[in-house]
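Take a look at the structure below.
Naming convention: chains lettered A, B, ... in sequence-line order (proteins, then strands); numbering from 1 in each chain. Predicted, not measured: the structure shown is a model, and the values here were computed from it.
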2 protein chains.
Amino acid sequence: MNLQKYPQMALSVEIIIFALHEQSLQVLLAQRTENPYQGQWAIPGGFVQEDESLDKAASRELSEKTGLEGVFLEQLYTFGEPQRDPRGRVVTVAYFALVPADAPIRENNLSEAAHVAWFPVERLPRLAFDHNDILSYALRRLRNKLEYTAVGFQLLPEYFTLSEIQRTYEIILGVRLDKRNFRRRILGANIIEPTMYKRTGEGRPAQLYRFRLDAVAEVKARRLFP
Amino acid sequence: MNLQKYPQMALSVEIIIFALHEQSLQVLLAQRTENPYQGQWAIPGGFVQEDESLDKAASRELSEKTGLEGVFLEQLYTFGEPQRDPRGRVVTVAYFALVPADAPIRENNLSEAAHVAWFPVERLPRLAFDHNDILSYALRRLRNKLEYTAVGFQLLPEYFTLSEIQRTYEIILGVRLDKRNFRRRILGANIIEPTMYKRTGEGRPAQLYRFRLDAVAEVKARRLFP
DNA sequence: CCAAAAGTGTTTGCTCTACACCCATGG
DNA sequence: CCATGGGTGTAGAGCAAACACTTTTGG
C-alpha cells in the first residue's frame, strides 16, 4: 500500500485510573521498569497493536494492570508533542477510568511485573514524561464532568447510601454540601432508586440506593445565552 | 532506538471547519483527488509530519486549505478503528475550527489542487471514510460547547450587532430566542463591550459591539448535585 | 440511656420566562 | 410617511439556598 510514504509513528494509550480510597480521590500509577525514567512513577499504559482499536487497547491495558473489565472508560485527549518521549516519536491517546470503591483490584498481573500503587491526587510524585500535565488535565476534566453528568456513581459500589454519594461529591469537588438540599436534588433527578436493603453500622441504619440504568444522567447546562 | 519493536502507524489530522454563511452553519469539505474514494467529499486534512506537534499539523493544514491563520482551533477526538482506511492503519486526530463570517477564505491554494466547497450542515453529501460520523460528532460538540462557553463569537466578525449574535445562536442551536431576554443575559455576562461604531443599513442603525478579550467566557454549569 | 449517623420542610431571595410597544433611519 | 430593523421593562413562576431538630439503631 502507499501509506509508507507518510511518517510512521508509535501510538500508545495511557489510562488515568481514578478511585476513592480512604476519603480521598486516588490515582493508580505504575513504576517504570525500564529506561527512560526507570524507577519513576508513570500513568499506566502501553502501545496500540496493529489490528486493535484505541478503545480496545485502552481496555486491554486497564485489564492487564488491574484485572478489571467493564468499568467506565472514556477518551480524554491526545498528546503529540514531538519531543515528549526521549526514545522518539510517540503519540499518546489518554483515557480516564473510574473504578468503584469496592472493585477487587488485582495489582500484580501475570503479564506485567510492574509495581503499581495508589496515590491521592493532592500528593502526587514527579511523574515520567509529560505525565504530570496529562494527569492534571484529567483531573480538571473529571471535576468538570462531575458537575453536569452523573458520572460520580461510577466511583461507588452498586449499592450505596445517600451519605456516601454526598461524601463522594464533597471529596472530588472539595466543597461541603448541605444534606437536605443534596438529597432533594438527587432524588428529584430521578437517577437513583431505593432498594430493599439497608446498611447497618454505627448509628441509625441507612437506606441503600442504586443507580438507575435507564436514567438520563446529563444536566442541560444553563446556557450562556438565551 | 528501541521503538521499532512496536507497531508503527500513519497519523493524520482532519479539521472540521465551521462558518456561518447565508443564514446557515456550513462546513468546508474537500473533494478527494485520489483513491480511495476519489471524487467523494471528505473532511480536509493530511498527515502529521515527523517533527510536528498535532496542533501545528492541524493549523498547517487549515492554513493550506483556507489561507487562514490564528482562528479558533480545538482538538475534538481521535478516531482509530483499524479498518477505517482501506489503505491500512491510519489514526486520525480530528480538530474543529471556527472561522469568522467575514474571513477571506482563499479556496484554492498553491500546494493543493483540491476542490473545496462549503456545505450547510443539514445537507451534507455522503462523505469518504468514516467522515460522516466524525462530522456529526463535531456538530454535537459545537452545539454543546456553545451552551456553556462564549465560543460563538469566533464565528462573527470583530464588530457585530446584538441581533447578529442572536441570529448566530439561533442558527446553530436551531431555536428561536427572545430578544429582550437574550440582550439582558449577554450584557449581564460582561463579555462584550459597546464600541463607538454603528452599523447602518435598513432600519434604525445598530450599536456595534466587540468581544472583550479579558472576558471569562465560561459558564459554570448548574451542578447535578448539590 | 447515650452516641452516632439517618432522615425530614419551610421560608426567602433570585433567576428565568413570557410578553408589546416606541425609536431612528433610508428611501 | 412608511417600511425596516433596533431598542427597551415588568410581573409571575419556579428554582436554589439557608437553616435545626427528630428518629433509629448498637453498645
Atom CG of Leu162(A) and atom P of dT8(C) are separated, to the nearest Å, by 9 Å
Taken in chain and number order and not counting sequence neighbours, the residues that satisfy ring-ring contact (aromatic ring centres under 6.0 Å, His included) with Phe160(A) are Phe153(A)
Pick out the pairs of N or O atoms, protein on one side and nucleotides 25-27 of chain D on the other, that lie under 3.5 Å.
none

Atom CZ of Arg185(A) and atom P of dA18(D) are separated, to the nearest Å, by 12 Å
On DNA chain D, more 5' by nearest nucleotide between Arg167(B) and Lys179(A) is Arg167(B)
Hits for salt bridge (charged side-chain N to carboxylate O under 4.0 Å, His left out) against Arg199(A), two or more places apart or cross-chain, chain-then-number order -> Glu164(A)
Q) Is it the case that Asn181(B) and Arg184(B) place a side-chain donor and acceptor less than 3.5 Å from each other? A) yes
Parsed dot-bracket for DNA chain D after applying the Watson-Crick and G-U rules with both distances under 3.5 Å and | for other-strand partners is |||||||||||||||||||||||||||
Against the side chain of Arg180(A), the closest entry in dT8(C), dC16(C), dG7(C) is dT8(C)
Rounded to whole Å, CD of Glu164(A) lies from C1' of dG7(C) at a distance of 15 Å
query = Any chance the side chains of Ser24(A) and Gln26(A) put a donor and an acceptor closer than 3.5 Å?
reply = yes
Can you see if the side chain of Arg183(A) gets near the phosphate of dG7(C) - specifically, an N or O under 4.0 Å from OP1 or OP2? yes
Here the distance between atom P of dT8(C) and atom CD of Gln166(A), to the nearest Å, is 14 Å
note: Leu177(B), atom CG; dA18(C), atom P; distance rounded to Å ~ 11 Å
From CZ of Phe182(B) across to C1' of dT8(D) the rounded distance in Å is 16 Å
Rounded to whole Å, the CZ-C1' distance (Arg199(B) to dT4(D)) equals 16 Å
note: Asp178(B), atom CG; dG7(D), atom P; distance rounded to Å ~ 15 Å
Practice task
Please work out whether the ring planes of His115(B) and Trp41(B) are parallel, tilted or perpendicular, with thresholds of 30° and 60°.
Solution key: tilted
- Message: On the nucleotide dA5(C), are OP1 or OP2 found under 4.0 Å from the side-chain N or O atoms that Ser163(A) carries?
- Response: no
Across all chains, not counting sequence neighbours, the side chain to side chain contact (heavy atoms under 4.5 Å, CB included) partners of Tyr197(A) are Tyr159(A), Thr195(A), Leu208(A)
In terms of side-chain heavy atoms, does Gln40(B) have a donor or acceptor partner in His131(B) at a distance below 3.5 Å?
no
Residues at least two apart in sequence or cross-chain that pass salt bridge (charged side-chain N to carboxylate O under 4.0 Å, His left out) with Glu52(A), listed by chain then number, are Arg60(A)
> Under a 4.0 Å N-O cut-off, is there an ion pair linking Arg143(B) with Glu147(B)?
Replying inline: no
